[in-house]
Amino acid sequence: MNIRTISTAFAAMLAVTFISCTGKSTATEEKTEAPTDSLTYSVVPGGEQTAVAAFPIDEEGYTVIFDGANTTGWRGFGKDHIPGKWTVQDSCLHFAAGEGEGGDIIFAHDFDNFDMCFDWKISEGGNSGFFYLGQESFDPEGNLQPLYWSAPEYQILDNENHPDAKLGVDGNRQSASLYDLIPAKPQNSKGWGEWNTARVTVKDGKVTHYQNGEKVVEYELWTPEWTEMLQNSKFSEKSLPVAFELLNNKHAGFVSFQDHGNDVWLKNIRVKKL
């Protein structure tokens, strides 16, 4: 046996001895788990956020609160379950018009400063909305107050075919507008049946709406200007005094999608805490 053969055999023997002692080869790479974010959420109307679950974090650092399959953390507004009209269909969260139990759907975690993104498409002539900083508020008799009384709304609309697009002032009921308050400009929504990308950021009361990659609305909550804007809208102290009070008070809240009676599809719902 020559020297090269002896060296090779000795090296192989050492490798076998090392593996038998450690149970693995040094060449084996340990698998790393995908990052997650633990979020609390409430499971009953007006309840405390006592439930907790881990949600995946994507490559951009957003927490994915709907991944096309899992509805953990979601329930109906004022309900302890998801209404039957909301289902998972083709990896989308889908609201279906027609018979059955409806109502708005919420992700029942209170956010204050956040960056929220999602994709949406609407049916022909359809109407829906994305609410943020929502609350389940009750009157003295224990009746649940409407969601839109506490939450600003990012409008979701078929601008071409729904009559609301021509109401309001200067297009402030069209897609991506702060509903009935500030029009989205430029108005760059795509037609019914096409996917749009929405984004809303809230940071210390400063709010920005984006639509299909463009900034279209910018305003600041809980300021004298905000109060004046409410007074000149359907949310005025005279028209809706409880809504006026709720919208004027600084608060965190959940995010929600609206049942307006029309089919709407949602996907890639993700949020980043700021």
Side-chain angles (χ1 to χ4, degrees), residues 37-55 63-66 70-88 93 95 100-116 118 128-156 178-181 200 202 204-205 207 221-222 226-227 230 234-237 239-261 264 266 269-274:
D37 183 17
S38 292
L39 294 177
T40 57
Y41 56 94
S42 61
V43 296
V44 295
E48 296 184 3
Q49 296 176 173
T50 54
V52 62
F55 297 85
T63 300
V64 180
I65 58 175
F66 177 70
N70 191 350
T71 56
T72 298
W74 294 89
R75 60 179 175 82
F77 174 66
K79 303 176 188 292
D80 62 2
H81 60 280
I82 296 176
K85 287 187 177 183
W86 290 96
T87 60
V88 177
L93 188 59
F95 176 83
E101 182 190 15
D104 301 333
I105 191 172
I106 70 173
F107 185 80
H109 172 87
D110 283 344
F111 296 99
D112 47 14
N113 295 323
F114 63 89
D115 180 349
M116 177 91 175
F118 60 93
S128 184
F130 167 66
F131 294 105
Y132 48 97
L133 302 175
Q135 296 181 311
E136 287 175 315
S137 303
F138 298 85
D139 67 16
E141 287 73 42
N143 299 308
L144 184 65
Q145 311 279 20
L147 173 56
Y148 70 91
W149 284 11
S150 65
E153 179 184 355
Y154 179 113
Q155 177 75 307
I156 294 174
L178 175 62
Y179 178 74
D180 205 50
L181 294 169
V200 175
V202 179
D204 299 328
V207 183
L221 289 162
W222 313 309
W226 169 249
T227 300
L230 292 176
K234 66 183 289 183
F235 307 104
S236 69
E237 190 171 16
S239 300
L240 288 173
V242 177
F244 178 80
E245 180 181 357
L246 289 171
L247 288 167
N248 256 314
N249 290 331
K250 185 176 180 180
H251 60 269
F254 50 72
V255 294
S256 172
F257 293 101
Q258 185 183 42
D259 164 7
H260 206 284
V264 62
L266 306 150
I269 307 173
R270 55 205 187 112
V271 63
K272 183 187 296 184
K273 296 178 183 178
L274 300 178

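Every heavy atom of this structure was used, including side-chain atoms; hydrogens, water molecules and symmetry mates were not. Just so it is clear, the model here is predicted, and its values are computed rather than measured.
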(request) Would you indicate whether the side-chain heavy atoms of Asp180 and Tyr148 approach each other to under 4.5 Å? (result) no

(message) Main chain of Asn249, side chain of Trp222: is a donor-acceptor contact present, judged purely on distance under 3.5 Å?
(response) yes

(message) As a test of understanding, state which of Gln258, Glu153, Met116 forms a side chain to side chain contact (heavy atoms under 4.5 Å, CB included) with Phe130.
(response) Met116

(request) Would you please name every residue forming a side chain to side chain contact (heavy atoms under 4.5 Å, CB included) with Asn113, sequence neighbours left out? (result) Lys203, Asp204, Leu274

(request) Taking all non-hydrogen atoms of both residues into account, name the closest pair between Gly47 and Ser42 and its distance. (result) O-CB, 3.3 Å

(message) Can you confirm if the aromatic rings of Phe55 and Phe107 lie within a centre distance of less than 6.0 Å?
(response) yes

(message) Looking at Glu245, I'd like to know if its CD atom is crowded, meaning that more than 12 non-hydrogen atoms belonging to other residues, nucleotides or ligands lie closer than 6.0 Å.
(response) no

(message) Under a 3.5 Å distance rule, please check whether His109 uses its side chain to pair with a backbone N or O of Tyr41 as donor and acceptor.
(response) no

(request) Measure the CD-OG1 distance between Gln49 and Thr40 for me, rounded to the nearest 0.5 Å. (result) 4.0 Å

(message) Could you tell me if the side chain of Ile269 sits less than 4.5 Å from the side chain of Trp74, heavy atoms only?
(response) yes

(message) Measuring from atom CG of Leu147 to atom CZ of Phe131, what distance do you get when rounded to the nearest 0.5 angstrom?
(response) 5.0 Å

(request) Please round to the nearest 0.5 Å and tell me the distance separating atom CD1 of Ile106 and atom CD1 of Ile82. (result) 10.5 Å

(request) Could you note down all residue pairs passing side chain to side chain donor-acceptor pair (under 3.5 Å) where residues 134-145 supplies at least one of them, sequence neighbours left out? (result) Arg75-Glu136, Asp139-Asn143

(request) List in chain and number order the residues that pass side-chain hydrogen bond (donor to acceptor under 3.5 Å, both in side chains) with Asn70, two or more places apart in sequence or in another chain; answer none if no residue qualifies. (result) Thr72

(message) Could you check whether any side-chain heavy atom of Leu221 comes within less than 4.5 Å of a side-chain heavy atom of Pro152, counting everything from C-beta outward?
(response) yes

(request) Would you check if the side chain of Ser236 reaches a backbone N or O of Leu230 as a donor-acceptor pair within less than 3.5 Å? (result) no

(message) Are the side chains of Phe66 and Thr71 in contact, using a 4.5 Å heavy-atom criterion?
(response) yes

(message) If you compare all heavy atoms of Gly102 against all heavy atoms of Lys79, which two are closest, and at what distance to 0.1 Å?
(response) O-CE, 3.5 Å

(message) Would you say that Phe77 contacts Asp259 through its side chain, given a criterion of any heavy-atom pair below 4.5 Å between the two side chains?
(response) no

(request) Measure the spacing between CG of Asp110 and CG of Leu39 and express it to the nearest 0.5 Å. (result) 11.5 Å

(request) Work out which heavy atom in Gly78 is nearest to a heavy atom in Leu144; give both atom names and the distance. (result) CA-CD2, 3.5 Å

(request) First locate atom CG of Leu246, then atom CG of Leu133, and finally report the distance between them rounded to the nearest 0.5 Å. (result) 12.0 Å

(request) Return the minimal non-hydrogen interatomic distance between Pro83 and Gly76, and the atom names on each side. (result) CD-CA, 3.7 Å

(request) Kindly compute the distance separating CG (Asp112) from NZ (Lys250), expressed to the nearest 0.5 Å. (result) 8.5 Å

(request) Among Phe95, Trp86, Phe118, Tyr132, find the one that has a ring-ring contact (aromatic ring centres under 6.0 Å, His included) with Phe257. (result) Phe118

